[in-house]
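Structure in structure tokens, see below.
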Amino acid sequence: MYESLNNTARLINGVSALLLSVLLGKANILEGVQGWELRPTFHGPRFPRWMEKYNGVSSFNQFIHELSLESDTSSIDYSSDDNNLDETYPASPSSHGSRSSGTSLPINNAWHWTDLMACILSLILLPARLLLWMPFLVFRLLNIWGSKTSSDPGNPHLRNFHSFRNMHTTKDHVVNRSIDRRRGVVEDLHLAIEIFIEAIFDMLHKTVHCVLSPSSAFRIFRKLFSSASAGVKDVDNDVLNASMPPVTLGDKDPAPTERNPTLHHALNTDARTCKDIITELGYPYEAIHVTTADGYILLLERIPRRDARKAVYLQHGIFDSSVGWVSNGVVGSSAFAAYDQGYDVFLGNLRGLVSRGHVDKNIPSRKYWWFTVNELGTKDVPAMIEKIHEIKTDELKMIQPDEETNDEQPYKLGAIAHSLGGAVMLMYTVTRLIEQKPHRLSRLTLLSPAGFHDETIFILTVAHYFVVPLGPILAFFVPALYIPTRFFRMLFNKLARDFHNYPALGGLIQTVLSYTLGGDSSNWVGVMGLPHYNMDDMPGLSLGVIHHLAQVKWKGKFVMYDYGNASANMKAYGSPVPIDLGEYYSLIDIPIDLIAGRKDKIISAAMVTRHYK
């Protein structure tokens, strides 16, 4: 069985390599990219393309340094040495109650027809689930059976087995937190077969031992039957006589506790959150829950420098979250680059996570997911920007009470946004200026901002002809694009690891996506393996947002959502047609940096240039 699976994996990778060699110009697609090599080489690890210019120093660190929002007016000289990274910070007076990110958002369990479809698919794939889960369950049952006799000092096999098990669990825990050692589906099948075969031979060994040694078998059966009759009494006595060691929060060396291994840990998936990545790298972290005007609960995350008078707000794009700003590590992540340059860093999360945070815990799925870009730019961003203003104002008054400021805003706030986040930030800025309300921003940096989509790849051009007329109808049946169940999210995460572990297979997937997306050569396989898409949560895409973007392409203008009739538009905008945001760009009163990717086929450089013009 084990060798058959190995041969199948080799066959899949070999066929993928053969197809890559047939595709014109794609035979060397993975050479030198992200450490993938199709043939042995003798050179050392190569830097990614975006790091080669600065000889291994993140180009985004250099970008932040060259395009500083404002000069540092903080009273403390910040540096990126280890002492500063370990510095403790006082709690924010405005967000003290939400400092801990352990507070879970309300999870909605409203039944929807998509849940029925997910159940049907789960039943169809039940044999595959049994193949993945049954060996682990057998292994766990054998461990439980063996633990009943683990206290016997005369059984060295059991003692060594349990010591190996504890050592293995601790080692896995350390490795998972230090380097990426995730397993794919193929590796899980390898491990499951090994455990299954080991369990069978362990049962066979014990059976033969009982047959050849009747006295030992008699003792084991007597112990089992005697423990069943005296188990309840022993438990009661243990509870009455139990004593807990006095361990307080102030103890320097509290009593160690063993972490019991769970099936979720055995599945070895990457379920890291933005908090996990930030704290593991030694940076401070703060979580702030923000409630919008229409009841959505958003997670605003922070790498705090409380006395800094310059702050930066980072807004993610489509199918993304705040993890995107920290997932490359210390070198290559814009959040850490900004923090190292002395900024107070805020990471925004728009509505649209599978966890569905809302004040109404029983909100129907269809109602939760019906929102457009309008709600992101006029509800989500204003709520988070105002929360940042409240926090920074209170903290600076507390830290520097004697310093007089004539300005109502004692700090400078810049924003960096990507893709859909760029369109959202532009919508926020323009609508606040139209309403003559303060937008709090001193500078905007937009990375391939959405808003103009005249030139798009063929597949999106075809899709928008169907989405524009059928969008509201499709939203009734499929309110959003996301993976609905934990099992399928886990499966997606592990398949992404298989694309990494088998270079030719990953190269074939990369090539297919490249052709599908109009020749875009971005590292899509690497993107699928990021911890955004894990079994606990993932960003989704509302059909309302898709319909809005299709309208933008259809009209050829950066417009707000068209509700389909003059009366609804009049109620929302005061005019029978939606607002053309591009016509109000002249109101913008802050510097804006526009950045485009030369090979970006989703939002081309020509479409970014339209914003500039």
Side-chain angles (χ1 to χ4, degrees), residues 94-95 98 103-110 112 287-301 313 315-318 320-322 346-391 417 420-421 423-432 434-435 437-440 471-472 475-476 478-482 537 539-549 551 559-565 567-574 578-579 581:
S94 303
S95 58
S98 60
T103 305
S104 60
L105 299 180
I107 306 297
N108 298 282
N109 297 317
H112 191 258
I288 305 161
H289 292 141
V290 180
T291 304
T292 64
D294 52 352
Y296 286 78
I297 300 177
L298 311 176
L299 178 61
L300 177 64
E301 298 176 281
Y313 172 76
Q315 183 54 64
H316 64 78
I318 202 168
D320 204 352
S321 67
S322 58
F346 292 87
L347 310 170
N349 286 282
L350 300 173
R351 66 184 71 185
L353 290 175
V354 175
S355 55
R356 299 199 338 234
H358 198 277
V359 294
D360 182 5
K361 298 181 179 179
N362 299 318
I363 184 173
S365 175
R366 189 182 302 111
K367 183 177 179 181
Y368 173 87
W369 284 106
W370 180 249
F371 55 84
T372 66
V373 183
N374 281 20
E375 284 70 32
L376 305 181
T378 62
K379 296 289 195 307
D380 290 5
V381 174
M384 289 187 282
I385 295 293
E386 289 304 314
K387 189 65 176 179
I388 293 172
H389 177 69
E390 175 188 347
I391 291 173
L420 178 64
V424 168
M425 293 305 301
L426 284 171
M427 179 181 291
Y428 162 75
T429 305
V430 171
T431 53
R432 300 289 284 194
I434 293 175
E435 298 170 355
K437 295 181 180 179
H439 53 66
R440 315 289 184 191
F476 182 81
V478 185
L481 300 180
Y482 64 96
D537 207 351
L541 181 60
S542 166
L543 259 292
V545 172
I546 297 175
H547 191 232
H548 192 170
L549 295 177
Q551 288 182 352
V559 295
M560 300 189 75
Y561 185 71
D562 189 348
Y563 291 96
N565 58 77
S567 59
N569 289 333
M570 183 67 70
K571 182 179 179 181
Y573 311 117
I579 297 175
L581 297 172

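This structure is a prediction, so every number in the text was calculated from the model and none was measured.
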The side chain to side chain donor-acceptor pair (under 3.5 Å) partners of N569 (sequence neighbours excluded) come to D562
Test item: D380 side-chain N/O and R351 main-chain N/O as donor-acceptor pair under 3.5 Å: yes
Residues passing the salt bridge (Lys or Arg N to Asp or Glu O under 4.0 Å) test with K437, sequence neighbours excluded, are E435
What closest approach, in Å, do S365 and P479 show between heavy atoms, and which atom pair accounts for it? OG-CG, 4.1 Å
For D320, all residues meeting salt bridge (Lys or Arg N to Asp or Glu O under 4.0 Å), sequence neighbours excluded: none
Residue list, side chain to side chain donor-acceptor pair (under 3.5 Å) with T431, at least two apart or on another chain: none
Can you name the side chain to side chain contact (heavy atoms under 4.5 Å, CB included) partners of S322, sequence neighbours left out? C274, E301, L347, N349
Of all the heavy-atom pairs spanning I363 and R356, show the shortest one and how long it is. O-NH2, 3.7 Å
Does the side chain of I434 come within less than 4.5 Å of Y573's, by heavy atoms? no
If the condition is salt bridge (Lys or Arg N to Asp or Glu O under 4.0 Å), which residues does R432 pass it with, not counting sequence neighbours? E386
Review item, side-chain donor-acceptor pairs of residues 423-430, under 3.5 Å, at least two apart:
from	atom 1	to	atom 2	distance (Å)
Y428	OH	H439	O	2.9
T429	OG1	M425	O	2.9

List for me each residue that meets side chain to side chain donor-acceptor pair (under 3.5 Å) alongside H547, sequence neighbours excluded, and say none if there are none. Y561
Decide yes or no for L353 and L299: does some side-chain heavy atom of the first lie under 4.5 Å from some side-chain heavy atom of the second? no
Non-neighbouring partners of Y296 that pass ring-ring contact (aromatic ring centres under 6.0 Å, His included), sequence neighbours left out: H358, Y368
Sequence neighbours excluded, the answer for side chain to side chain donor-acceptor pair (under 3.5 Å) partners of T372 is E375
Find out whether V359 and I297 are in side-chain contact, i.e. whether some heavy atom of one side chain is under 4.5 Å from a heavy atom of the other. yes
Apply side chain to side chain contact (heavy atoms under 4.5 Å, CB included) to A568 and list each qualifying residue two or more places apart in sequence or on a separate chain. Y563, N565
Counting only N and O atoms by type, is there a donor-acceptor contact under 3.5 Å from the side chain of S542 to the main-chain atoms of W370? no
